[in-house]
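Labels below follow one simple rule: chain letters A, B, ... track the order of the sequence lines, proteins then strands, and each chain is numbered from 1.
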Amino acid sequence: MAEGVPKIRILKGAAPDLSAATFQIHDESHTVGNALRWMVMKNPKVEFCGYSVPHPSENHIHVRIQMYDNLSALSALLEALANLDDLCAAIDDAYTVSLRRDPYEVWDEKS
Amino acid sequence: MTSLASTSSQSLYDPRRHVRVDAERARDVSSTDFPGYWPDEDHSWNLEKFKERLRVKVTRKSNRSIEFDLVGVDASIANAFRRILIAEVPMVCIEHVYVFNNTTVMVDEVFAHRLGMVPLNVDPALMEMRDSSGQATDRNTLVFRLQAACTRNKSAPKDSTDPAQLYHNSEVLSSHLKWEPQGEQDSVFANCPPAPTNPDIVLMKLRPGQEVDMELHAVKGVGKDHAKFSPVATASYRILPLIVLNPAKPVPPHLAHKFQKCFSPGVIDVDPQTHAVSVNEQNMRKETMSREVLRHPEFEGCVELKRVRDYFLFNIESEGPYAPERLFPESIRVMREKIATIRKAAQALLSESLGTNGDVDMEG
């Protein structure tokens with residue numbers, strides 16, 4: 001990461017109570033953008049969530065979140081990040097269990 | 001249809017999970033499991049429900065590749081892991097080449113580029129990423145020495161035309177790379193001394209009088225910086241094909257074999273006696289979705305081609321030091337690291353905004 005660039009900042013034009021905000025996340029791409037967007041949208045208090053890569057040569061993404069009931073978009077973002085982490089842990093566990101217990105075909109591949 | 005649309009979400013035949021494949025277009029591509037899409041249904045995030053639906057099943061593994069099913073996740077999640085496997089799981093590769101002598105026909109930079117591509121057997125977990133200062137230490141840099149000089153073989157058979165017999169070192173091979181341990185590396189890499197994964201890669205051809213003498217520095221990096229750091233040959237997924245026969249319009253027995261030939265081998269079974277057509281559940285995943293069956297008017301309405309939107313068939317081929325079964329967990333680890341970094345920054349932003357009485361700092 002380049003020096004002095006914050007990992008996240010809130011772009012101007014956000015609602016004062018943060019019920020609607022666009023977050024600029026530095027050094028991230030579609031990988032995190034789309035997964036995060038999906039998880040934020042799983043929150044019923046979210047009115048809208050979308051992400052974009054504004055320019056391919058700028059190394060950041062924008063994530064727009066708008067909330068119902070004047071709730072904080074930043075809190076929704078944090079909640080989604082926590083949930084996304086739980087999801088990753090669940091997949092990791094399921095994969096480890098399958099690798100240990102499931103019968104699968106083992107074959108020899110010549111390189 | 002209404003009975004199927006109920007909560008039997010585990011069934012492959014739940015139409016909500018289907019992407020429809022028509023002759024000229026795909027329908028119902030996007031997932032609809034969001035709050036507010038279906039009236040009176042709760043689709044908010046629920047870890048317990050997710051775990052119930054999630055299924056990971058390893059189906060095939062070799063010394064170099066692994067295949068597994070990942071079921072019950074959104075495409076955005078599956079795609080995140082695929083992208084991370086290709087671009088963000090770290091690997092150790094030769095990055096700097098210091099040339100002391102090169103009298104061969106290949107110019108320094110071309111040969112240096114070639115050296116970078118050689119896969120090394122170094123476990124990236126044993127090394128650190130170089131920081132922005134670029135300072136080389138024994139924790140972040142491996143040093144290799146490449147010295148080869150070609151000479152005539154005096155004892156070669158008179159009538160031989162084979163360069164391997166006529167000369168010593170007629171080829172520079174990846175096995176010519178010699179690791180030079182620095183600092184504590186001797187003990188760190190004691191179990192597996194750093195070397196190319198394949199000792200027989202031909203890097204260059206030499207003739208008598210030509211020689212190379214170089215020092216090579218290998219560092220840890222990620223595939224988004226340069227493809228040589230990508231730990232996989234391929235990391236891809238397919239979405240499970242689903243073939244649904246229409247019971248109201250069975251395939252005419254005299255056309256059964258023609259129908260069978262419209263699909264990939266093994267996908268459609270034909271009963272030898274009755275010539276009744278059925279789908280082989282085990283082989284259904286082999287279907288290439290050529291849509292050949294949709295070209296024939298006599299089969300119209302007999303069958304529907306679909307894909308199961310949340311059923312991913314992963315195939316990962318390792319190239320480099322990772323055992324194939326280790327790659328997917330590594331991608332999850334990288335994903336969780338990224339999430340942790342963003343979380344920390346967002347947390348700081350939150351406490352910052354609370355500290356200033358809700359007056360948010362709006363730069364930009």
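- When Leu54(B), Ile84(B), Leu47(B), Ile342(B) are compared by the number of non-hydrogen pairs under 4.5 Å with chain A, Ile342(B) comes out ahead.
- Looking at Leu74(A), only its side chain comes within 4.5 Å of chain B, counting heavy atoms on both sides.
- When atom types are taken as modelled, the side chain of Asp310(B) and the backbone of Leu70(B) share no donor-acceptor pair closer than 3.5 angstrom.
- Contacts of residues 85-93 of chain B with chain A at a heavy-atom distance below 4.5 Å involve Glu88(B), listed in sequence order.
- With a threshold of 4.5 angstrom between heavy atoms, Glu28(A) approaches chain B through side-chain atoms but not through N, CA, C or O.
- In terms of heavy-atom pairs under 4.5 angstrom with chain B, the leader among Ser75(A), Ala89(A), Gly33(A), Pro103(A) is Ala89(A).
- Contacts between Lys224(B) and chain A at a heavy-atom distance below 4.5 Å involve the side chain alone, from C-beta outward.
- In this structure a side-chain-to-backbone donor-acceptor pair under 3.5 Å is missing from Asn34(A) to Ser76(B).
- When the side-chain contact (heavy atoms from CB on, under 4.5 Å) test is applied to Ser318(B), the partners found at least two apart in sequence or on another chain are Tyr322(B), Pro324(B), Leu327(B).
- For Arg16(B) and Trp38(B), the positive end sits near the middle of the six-membered ring, less than 6.0 Å away and at most 45° from its axis.
- Contact annotation for Asn79(B): neither backbone nor side-chain heavy atoms come within less than 4.5 Å of a heavy atom of chain A.
- Qualifying ring-ring contact (aromatic ring centres under 6.0 Å, His included) partners for Tyr311(B), counting only residues two or more places apart in sequence or in other chains: none.
- The contact between Ala82(A) and chain B is made by backbone and side chain atoms together, counting heavy-atom distances below 4.5 Å.
- Interface remark: Ile8(A) contributes backbone and side-chain atoms alike to the contact with chain B (heavy atom separation under 4.5 Å).
- Among Leu36(A), Asp86(A), Asn83(A), Val32(A), the residue making the largest number of heavy-atom pairs under 4.5 Å with chain B is Asn83(A).
- At a threshold of 4.0 Å, the pair Glu52(B)-Lys49(B) does not count as salt-bridged, since none of the basic side-chain nitrogens sits closer than that to a carboxylate oxygen.
- Of the two parts of Thr59(B), only the backbone, made up of N, CA, C and O, holds a non-hydrogen atom closer than 4.5 Å to a non-hydrogen atom of chain A.
- A salt bridge does not link Glu109(A) to Lys61(B): none of the charged nitrogens lies less than 4.0 Å from a carboxylate oxygen.
- Judged purely by distance below 3.5 Å, without hydrogens or angles, the side chains of His26(A) and Gln24(A) never pair a donor atom with an acceptor atom.
- Evaluation of the side chain to side chain donor-acceptor pair (under 3.5 Å) test over residues 87-101 of chain A, restricted to residues two or more places apart or in two chains, returns Ser98(A)-Asp102(A).
- Proximity to chain A is absent for every atom of Asp42(B), based on heavy atoms less than 4.5 angstrom apart.
- A donor-acceptor pair under 3.5 Å links the side-chain atoms of Ser62(B) to the main chain of Ser65(B), judged by distance alone.
- For the pair Arg60(B) and Tyr104(A), the minimum side-chain heavy-atom distance is 4.5 Å or more.
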